[in-house]
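Bear in mind the structure is a predicted one, so any value in this text is a computation, not a measurement. Just follow the structure's listing: the first ligand is 1, and inside any ligand the first atom is 1.
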Amino acid sequence: MSATENSSPTPACSPDGRDPAPSLLVRAARGEQVAHPPVWFMRQAGRSLPEYRALRVGTGMLESCRTPDLVTEITLQPVRRHGVDAAIFFSDIVVPLQAAGIDIEIVAGVGPVVASPVRSAADVEAMPRLSAEQIPDITESVQRLVCELDGVPLIGFAGAPYTLASYLIEGGPSKDHARTKALMHSDPATWHRLLSTLADISATFLLTQLAAGASAVQLFDSWAGGLSEADYRAFVLPHSQDVFAAIADYDVPKIHFGVGTGELLAAMRDAGASVVGVDWRTPLDEAARRIGGTVAVQGNLDPALLFADWHVVEREVRRIVSEGRRAPGHIFNLGHGVLPDTDPEMLTRVVELVHSL
Ligand SMILES: O=C(O)CCc1c2[nH]c(c1CC(=O)O)Cc1[nH]c(c(CC(=O)O)c1CCC(=O)O)Cc1[nH]c(c(CC(=O)O)c1CCC(=O)O)Cc1[nH]c(c(CCC(=O)O)c1CC(=O)O)C2
């Protein structure tokens with residue numbers, strides 16, 4: 001029976017590439033000597049790929065994320081096309097919120113939109129929790145992928161409590177996160193209750209992916225870089241720590257990433273990460289110095305530079321790989337997600353170049 005006919009994993013592919021032969025990604029994350037850095041890209045599946053755009057016609061984003069046939073195929077597309085060293089589970093940070101019962105949609109061209117923003121103690125009190133039983137499709141998709149990936153590691157992911165809270169409070173994407181910061185400072189009790197509820201939801205989503213066979217996880221705190229270190233440590237870090245503590249029993253790379261977090265890198269390590277993701281603003285050797293040289297780094301090509309001429313991209317990739325060699329371990333990635341209009345050929349060339357260095 002093939003994996004696609006059976007939702008439970010076959011022994012041949014259940015604990016997967018998660019040992020006994022650790023993948024390049026796992027070895028680099030552990031700081032072991034590797035010939036070249038492993039490479040994958042945030043948002044490597046998705047709008048940059050014509051085969052993704054074709055498959056998505058007529059199906060909404062969140063519906064796609066809950067349909068194992070689509071999730072499996074979309075997750076595999078960039079692995080086949082680019083030869084990346086890891087797959088990232090095709091989903092979104094708001095999937096667990098919707099699965100829990102929160103009225104949230106992803107509107108094309110806008111992003112996540114929340115029907116009733118969460119702004120008061122009563123709103124937080126009324127928030128639902130997420131149980132593993134509500135997301136059997138996530139288990140099925142991960143199990144199928146682990147089989148189909150045949151040793152290529154699958155990275156599971158979730159949004160961190162702060163970034164999820166920012167969408168729930170603002171009601172959608174926001175540049176300044178003004179309502180979020182206002183609630184944080186004017187009603188700390190409600191704030192901590194909200195973040196603790198979200199930490200629970202994130203942990204359940206990650207645990208589900210790990211139990212189904214994911215080889216690594218990434219916790220996205222995309223918007224944490226908008227906070228001072230003092231606010232981050234007081235209002236955010238304890239909740240991100242709770243998420244990492246919930247998955248501590250899994251001996252897998254635990255990547256923690258945010259945009260504009262140059263001042264927060266050490267604090268994000270303190271959340272419990274074994275790999276810290278770095279955007280393009282901080283060189284990787286400097287990032288490793290700020291982190292204290294104890295964990296691996298991931299990054300950090302500016303996604304906008306993929307629109308420049310190849311000689312620019314080549315120079316930048318070489319610089320990043322060389323700076324990454326001065327860190328205790330390096331996973332090559334962009335400094336944030338692939339932009340939708342990126343020429344996928346550029347991504348394939350970056351993979352080939354990193355593999356040749
Ligand atoms: O600007 C905003 O605040 C809204 C952003 C937004 C989100 N989901 C969204 C959108 C609209 C859009 O991308 O156009 C909506 C969204 N999520 C995704 C897609 C697919 C694509 O980009 O073409 C799309 C666009 C879908 C569509 O319009 O058809 C899928 C997604 N989101 C995410 C991931 C994980 C990853 O990045 O690798 C992945 C899957 C992995 C993959 O595609 O390979 C994670 C995610 N979603 C989201 C965030 C918050 C910050 C950010 O977007 O950069 C983050 C974390 C992050 O990337 O830093 C929220």
Quick one: does [X]'s side chain have a donor or acceptor within less than 3.5 Å of a partner on [Y]'s backbone?
X      : Y      : result
Gln98  : Leu62  : no
Ser228 : Asp231 : yes
Ser141 : Thr72  : no
Glu286 : Pro283 : no

query = Is there a side-chain hydrogen bond (donor to acceptor under 3.5 Å, both in side chains) between Gln44 and Gln77 once you walk through the steps?
reply = CA-CA 9 Å; Gln44 64 189 12; Gln77 284 176 344; over 6 Å; no
Summary of ring pair (Phe, Tyr, Trp, His ring centres under 6.0 Å) pairs that have at least one residue in residues 79-118, sequence neighbours excluded =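 Every pair satisfying ring pair (Phe, Tyr, Trp, His ring centres under 6.0 Å) with a residue in residues 79-118: Tyr52-Phe90.
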Out of [options], who is nearest to [atom] when you count heavy atoms only?
atom                    : options                       : result
atom 37 (O) of ligand 1 : Trp40, Phe157, Tyr52, Phe220  : Phe220
atom 40 (C) of ligand 1 : Ala45, Ser91, Gly60           : Ser91
atom 24 (C) of ligand 1 : Arg56, Met61, Gln77, Arg53    : Met61
atom 16 (C) of ligand 1 : Leu334, Asp92, Val94          : Asp92
atom 4 (C) of ligand 1  : Phe257, Trp223, Tyr167, Phe89 : Tyr167

Residue [X] vicinity, atoms of ligand 1 by number, heavy atom under 4.0 Å:
X      : result
Gly46  : 21 (C), 23 (O)
Met42  : 37 (O), 38 (O)
Ile88  : 38 (O), 41 (C), 44 (O)
Pro173 : 2 (C), 3 (O), 4 (C)
Ile106 : 15 (C)
Gly111 : 10 (C), 11 (C)

inquiry  = Residue-level breakdown please: for Phe41 versus ligand 1, do any non-hydrogen atoms fall below 4.0 Å on the side chain, on the backbone, on both, or on neither?
reply    = neither
request  = Of the side chain and backbone of Gln218, name the one, both, or neither that has a heavy atom under 4.0 Å from an atom of ligand 1.
outcome  =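 For Gln218, there is no contact with ligand 1 at all, from either part.
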Taking [atom] as the reference point, the nearest protein heavy atom with its distance:
atom                    : value
atom 58 (O) of ligand 1 : His336 NE2, 3.4 Å
atom 57 (C) of ligand 1 : Ser222 OG, 3.3 Å
atom 25 (C) of ligand 1 : Arg47 CZ, 3.4 Å
atom 55 (C) of ligand 1 : Arg43 NH2, 3.7 Å
atom 49 (C) of ligand 1 : Ile93 CD1, 3.5 Å

query = Any N or O of Gln44 that comes nearer than 3.5 Å to an N or O of ligand 1?
reply = yes
request  = Would you check if the distance from the ring center of His36 to the ring center of Phe332 is below 6.0 Å?
outcome  = no
task = Give me the ring orientation class for Trp191 and Tyr162: parallel if the planes are under 30° apart, tilted from 30 to 60°, perpendicular past 60°.
result = tilted
task = Classify the angle between the aromatic ring planes of Phe257 and Phe220 as parallel (below 30°), tilted (30 to 60°) or perpendicular (above 60°).
result =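 Because their plane-to-plane angle is over 60°, the rings of Phe257 and Phe220 count as perpendicular.
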ask   = Where do Thr75 and Ile88 come nearest, in terms of heavy atoms and distance?
value = CG2-O, 3.3 Å
request  = Report yes or no: does Pro112 have a heavy atom closer than 4.0 Å to ligand 1?
outcome  = yes
query = Is it true that Glu314 and Arg318 have a side-chain N and a carboxylate O under 4.0 angstrom from each other?
reply =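 Answer for the salt bridge query: yes.
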message = Run the side-chain contact (heavy atoms from CB on, under 4.5 Å) test against Ala99 and tell me which residues pass, sequence neighbours left out.
response =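 In terms of side-chain contact (heavy atoms from CB on, under 4.5 Å), with neighbours along the sequence ignored, Ala99 is linked to Arg66, Leu130, Ile135.
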